[in-house]
**Q** 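Structure provided below as structure tokens; questions to follow.
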Amino acid sequence: TFLEDEKLSEVDFVKIDVDGAEYQVIEESSEHVLQKVRRFGIEYHEKGLDRIRAKLEAAGFHISYFPKKGKISGVVEFSRKAKQDGEGNA
């Protein structure tokens, strides 16, 4: 992946605007890749937001910015939820 090629352990912000293929990009992203990203800014169209939201919430994200609620398209930001004490410690 690009992250491995560039030896990136973490990415602060990823903006995705690929004319309707945003859903495919997120759905095909592995959990390993998603865990390296802190925030996503994603353009959505029609009913695709539910698909994106389900995948990212399952990976530990929440919607942190949603300026056009109820619209059929727009931009939404997802941020990684803060870890609770003891989470992620082995």
Side-chain angles (χ1 to χ4, degrees):
T1 67
F2 176 80
L3 297 174
E4 292 165 342
D5 293 345
E6 296 299 317
K7 297 178 178 47
L8 298 173
S9 61
E10 189 172 63
V11 176
D12 193 43
F13 186 79
V14 173
K15 179 180 184 259
I16 302 174
D17 179 358
V18 286
D19 298 324
E22 295 83 6
Y23 321 111
Q24 184 178 357
V25 169
I26 293 299
E27 288 176 345
E28 293 182 7
S29 295
S30 70
E31 182 75 20
H32 175 74
V33 168
L34 294 176
Q35 293 301 318
K36 293 184 176 220
V37 178
R38 289 184 185 187
R39 295 180 304 137
F40 284 99
I42 304 173
E43 181 178 86
Y44 66 91
H45 305 274
E46 310 240 350
K47 298 179 182 174
L49 179 59
D50 291 337
R51 291 166 51 194
I52 293 170
R53 180 184 221 163
K55 172 84 178 203
L56 290 178
E57 285 181 349
F61 289 86
H62 69 280
I63 291 179
S64 53
Y65 181 68
F66 194 6
K68 296 183 178 180
K69 290 182 182 176
K71 302 287 183 185
I72 61 169
S73 66
V75 175
V76 63
E77 181 178 293
F78 288 87
S79 298
R80 177 159 306 289
K81 293 179 183 177
K83 289 185 178 181
Q84 302 296 318
D85 287 339
E87 268 188 73
N89 298 332

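Small disclaimer: the values here were computed from a predicted structure and weren't measured.
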**Q** With side-chain contact (heavy atoms from CB on, under 4.5 Å) as the test, would you mind laying out the steps for His62 and Arg80 before giving the verdict?
**A** CA-CA 6 Å; His62 69 280; Arg80 177 159 306 289; over 6 Å; no
**Q** Should Ile52 and Val11 be regarded as members of a common hydrophobic cluster, given that ILVMFWY residues are connected when their side-chain heavy atoms come within less than 4.5 Å of each other, either directly or indirectly?
**A** yes
**Q** Between Val76 and Val25, is there a shared hydrophobic cluster once you connect ILVMFWY residues whose side-chain heavy atoms come closer than 4.5 Å?
**A**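 Yes; tracing contacts between hydrophobic side chains, which count when under 4.5 Å, links both residues.
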**Q** Measuring from Ser29:OG to Lys55:NZ, what's the distance to the nearest 0.5 Å?
**A**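 It is 6.5 Å, given to the nearest 0.5 Å.
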**Q** Would a distance-only check, ignoring hydrogens and angles, find a side-chain to backbone donor-acceptor pair under 3.5 Å from Gln35 to Ala59?
**A** yes
**Q** In chain order, what residues pass the side chain to side chain contact (heavy atoms under 4.5 Å, CB included) check against Asp50, with sequence neighbours excluded?
**A**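 Side chain to side chain contact (heavy atoms under 4.5 Å, CB included) list for Asp50, sorted by chain: empty.
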**Q** Working to the nearest 0.5 angstrom, can you tell me the gap between Arg53 CZ and Ile42 CD1?
**A**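 Rounded to the nearest 0.5 Å, the CZ-CD1 separation comes out at 12.0 Å.
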**Q** Carefully, step by step, assess Val14 and Arg39 under the rule side-chain contact (heavy atoms from CB on, under 4.5 Å).
**A** CA-CA 6 Å; Val14 173; Arg39 295 180 304 137; over 6 Å; no
**Q** Could I get the full list of side chain to side chain contact (heavy atoms under 4.5 Å, CB included) partners for Ser9, not counting sequence neighbours?
**A** none
**Q** State which residues pass side chain to side chain donor-acceptor pair (under 3.5 Å) with Ser73; sequence neighbours excluded, sorted by chain then number.
**A**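 By the side chain to side chain donor-acceptor pair (under 3.5 Å) rule, Ser73 matches no residue at all.
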**Q** To the nearest 0.5 angstrom, please state how far the CZ atom of Phe78 sits from the CD1 atom of Ile16.
**A** 10.0 Å
**Q** What distance do Leu49 atom CG and Leu56 atom CG have between them, rounded to the nearest 0.5 Å?
**A** 9.5 Å
**Q** Considering only distance and modelled atom types, tabulate donor-acceptor pairs under 3.5 Å from the side chains of residues 17-24, sequence neighbours left out.
**A**
| unit_1 | atom_1 | unit_2 | atom_2 | d |
| --- | --- | --- | --- | --- |
| Glu22 | OE1 | Gly20 | N | 2.9 |
| Glu22 | OE2 | Val18 | N | 2.8 |
| Glu22 | OE2 | Asp19 | N | 3.3 |
| Tyr23 | OH | His45 | N | 2.5 |
| Tyr23 | OH | His45 | O | 2.7 |
| Gln24 | NE2 | Glu28 | OE2 | 3.2 |

**Q** Going by ring pair (Phe, Tyr, Trp, His ring centres under 6.0 Å), name the residues that satisfy it together with Phe40, two or more places apart in sequence or in a different chain.
**A** Phe61
**Q** For atom OH of Tyr65, is the number of surrounding heavy atoms from other residues, nucleotides or ligands below 6.0 Å larger than 12?
**A** no
**Q** Name all residues meeting the salt bridge (Lys or Arg N to Asp or Glu O under 4.0 Å) criterion together with Arg38; count only those two or more places apart in sequence or in a different chain, and write none if there are none.
**A**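 So Arg38 forms a salt bridge (Lys or Arg N to Asp or Glu O under 4.0 Å) with Glu10, Asp12.
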